[in-house]
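Numbering of residues begins at 1 and proceeds along the displayed sequence. The model shown is predicted, which means the values in this text are computed figures rather than measured ones.
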Amino acid sequence: MSMRILGIVVIILGLAGIVAFSFSNKFEKEIHEQVKESREYSVEKRWVLPEILEEVSGINFFANDKLAAVQDEDGIIFIYDLAKGEIEREIDFGGNGDYEAISIKEEDAFILRSDGVIFEVKDFLSSPQVTTYEPDLEHSVNFEGLCLSKKAEKLLLLTKDEDVKNGVKNVYSFNLKSKQFEKDIPFKLETEKGIFKDYKGSFRPSEIEINPKTGEFYVLDAKHPRLLILNSTFQVLRLITFDEDEFEQPEGIGFDTEGRLYISNEAGDSDANILQVELKPVK
């Protein structure tokens with residue numbers, strides 16, 4: 001083959017590559033836009049959190065526009081004012097640790113550490129007094145989620161992955177009257193059946209909360225940003241996929257006094273944040 005013909009071939013192949021690359025980019029962009037258009041939620045508001053909350057792991061509302069937050073490393077309750085967009089107060093309750101979630105019952109706050117230890121901070125806004133409760137477990141468990149069941153007068157604790165057997169993750173309970181961990185398992189989350197069959201990657205819960213308007217359970221997955229909704233008896237209703245550009249690592253769920261949904265994200269390529277999210281009705 002002459003050098004002239006070879007040169008023409010190279011040019012043609014180069015142009016074909018450019019066209020293919022451009023078409024691929026256009027195709028991927030169109031698919032991405034279709035996913036965005038068909039998503040089952042909208043982000044209504046966004047608050048960027050300060051650096052000290054870049055590892056925000058749990059949030060819980062206790063008043064209008066005011067929420068309590070914890071982060072992974074420090075035993076501190078951060079009082080965050082949404083209206084002002086700033087931390088207005090810090091309340092110490094413990095030393096360094098892997099703190100995962102916070103729930104509030106009237107004047108008392110309960111914080112979950114990843115080993116299952118619960119920190120009760122009585123009268124946390126006025127005169128904090130701390131008591132700890134350790135779970136009586138025969139094996140180590142990695143806990144990630146905590147929520148308050150007002151009706152049952154219990155705290156519910158959800159495991160992340162270490163307590164899985166045959167695709168089942170256990171929910172444990174802590175009785176707020178007796179202040180003891182209960183032996184019975186009230187709920188189990190089966191992650192290899194039904195809606196999870198087409199799910200790519202294991203479902204690893206990062207938080208659990210109860211919708212005060214419907215009584216439904218909301219469970220986050222931080223690794224593959226998704227929101228699982230279950231009814232009051234823990235039957236799966238819906239699995240919503242989040243855009244990873246907006247939800248880099250969703251770790252906390254909260255509902256304000258009007259029943260609006262908020263999700264907190266740890267920092268990644270973007271700053272840590274809190275998003276007000278509205279879910280679209282099921283078609």
Side-chain angles (χ1 to χ4, degrees), residues 39-50 53 56-71 77-89 91 101-112 121 123-126 145-156 158 176 205-222 225-232 234 237-243 246-247 250-266 271-283:
R39 65 184 185 177
E40 301 175 74
Y41 67 92
S42 61
V43 175
E44 302 298 310
K45 293 181 182 179
R46 183 175 184 267
W47 291 263
V48 175
L49 296 175
L53 283 175
V56 59
S57 53
I59 59 174
N60 202 260
F61 278 85
F62 62 89
N64 244 355
D65 289 329
K66 291 186 185 293
L67 55 83
V70 291
Q71 49 107 303
I77 299 173
F78 298 87
I79 306 302
Y80 189 83
D81 190 314
L82 289 176
K84 297 178 181 177
E86 63 184 25
I87 296 172
E88 66 175 24
R89 188 178 169 193
I91 302 165
I102 181 170
S103 288
I104 295 172
K105 181 179 184 291
E106 299 171 352
E107 288 80 29
D108 304 332
F110 297 88
I111 297 93
L112 173 68
V121 187
D123 203 9
F124 74 102
L125 290 174
S126 301
L146 178 75
C147 70
L148 168 66
S149 175
K150 292 181 180 179
K151 184 177 180 180
E153 283 285 323
K154 296 177 183 180
L155 293 172
L156 301 178
L158 182 59
L176 289 170
S206 59
E207 184 59 295
I208 182 172
E209 187 55 275
I210 298 174
N211 185 324
K213 299 291 187 181
T214 65
E216 296 168 341
F217 288 94
Y218 282 42
V219 180
L220 281 176
D221 180 349
R226 288 171 169 86
L227 175 64
L228 177 67
I229 301 178
L230 309 100
N231 66 15
S232 59
F234 232 66
L237 300 176
R238 190 177 180 188
L239 183 61
I240 298 169
T241 301
F242 288 138
D243 186 338
E246 292 175 312
F247 296 82
E251 294 276 354
I253 310 175
F255 290 91
D256 67 13
T257 54
E258 300 298 321
R260 290 180 289 253
L261 171 64
Y262 297 78
I263 294 176
S264 61
N265 290 275
E266 288 192 7
D271 294 324
N273 59 57
I274 294 173
L275 303 177
Q276 181 188 329
V277 181
E278 183 174 339
L279 302 183
K280 296 180 180 179
V282 179
K283 294 182 179 180

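Looking only at distances, no side-chain donor or acceptor of S103 sits under 3.5 Å from a matching main-chain atom of N60. Checking side-chain atoms of R89 against main-chain N and O of L125 turns up a donor-acceptor pair under 3.5 Å. At distances below 3.5 Å, at least one donor-acceptor pair connects side-chain atoms of E207 with backbone N or O atoms of L146.
Within the 4.5 Å cutoff, side-chain heavy atoms of K105 are placed close to those of E153. With a 4.5 Å cut-off on side-chain heavy atoms, L228 and D221 do not count as touching.
To the nearest 0.5 angstrom, I210 atom CD1 is 7.0 Å from L148 atom CG.
The aromatic rings of W47 and Y262 lie tilted to each other, with the angle between the two planes from 30° to 60°.
The existence of a salt bridge linking R238 and E216 is excluded, since no basic side-chain nitrogen approaches an acidic carboxylate oxygen closer than 4.0 Å.
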Quick one: do K66 and E88 satisfy salt bridge (charged side-chain N to carboxylate O under 4.0 Å, His left out)? Show the steps, please. CA-CA 10 Å; K66 291 186 185 293; E88 66 175 24; 2.9 Å; yes
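Across all non-hydrogen atoms, the minimal contact from I59 to A69 is CG2-CB, 4.0 Å. What you find for I253 and Y218 is that their closest heavy atoms are CD1-O, 3.5 Å. Listed here is the closest heavy atom pair of E266 and V56: CG-O, 3.0 Å.
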Return a table of donor-acceptor pairs under 3.5 angstrom between the side chains of residues 271-278 and protein atoms on other chains or two or more places apart.
residue : atom : partner : partner atom : Å
N273    : OD1  : N265    : ND2          : 3.1
N273    : ND2  : D271    : O            : 3.4

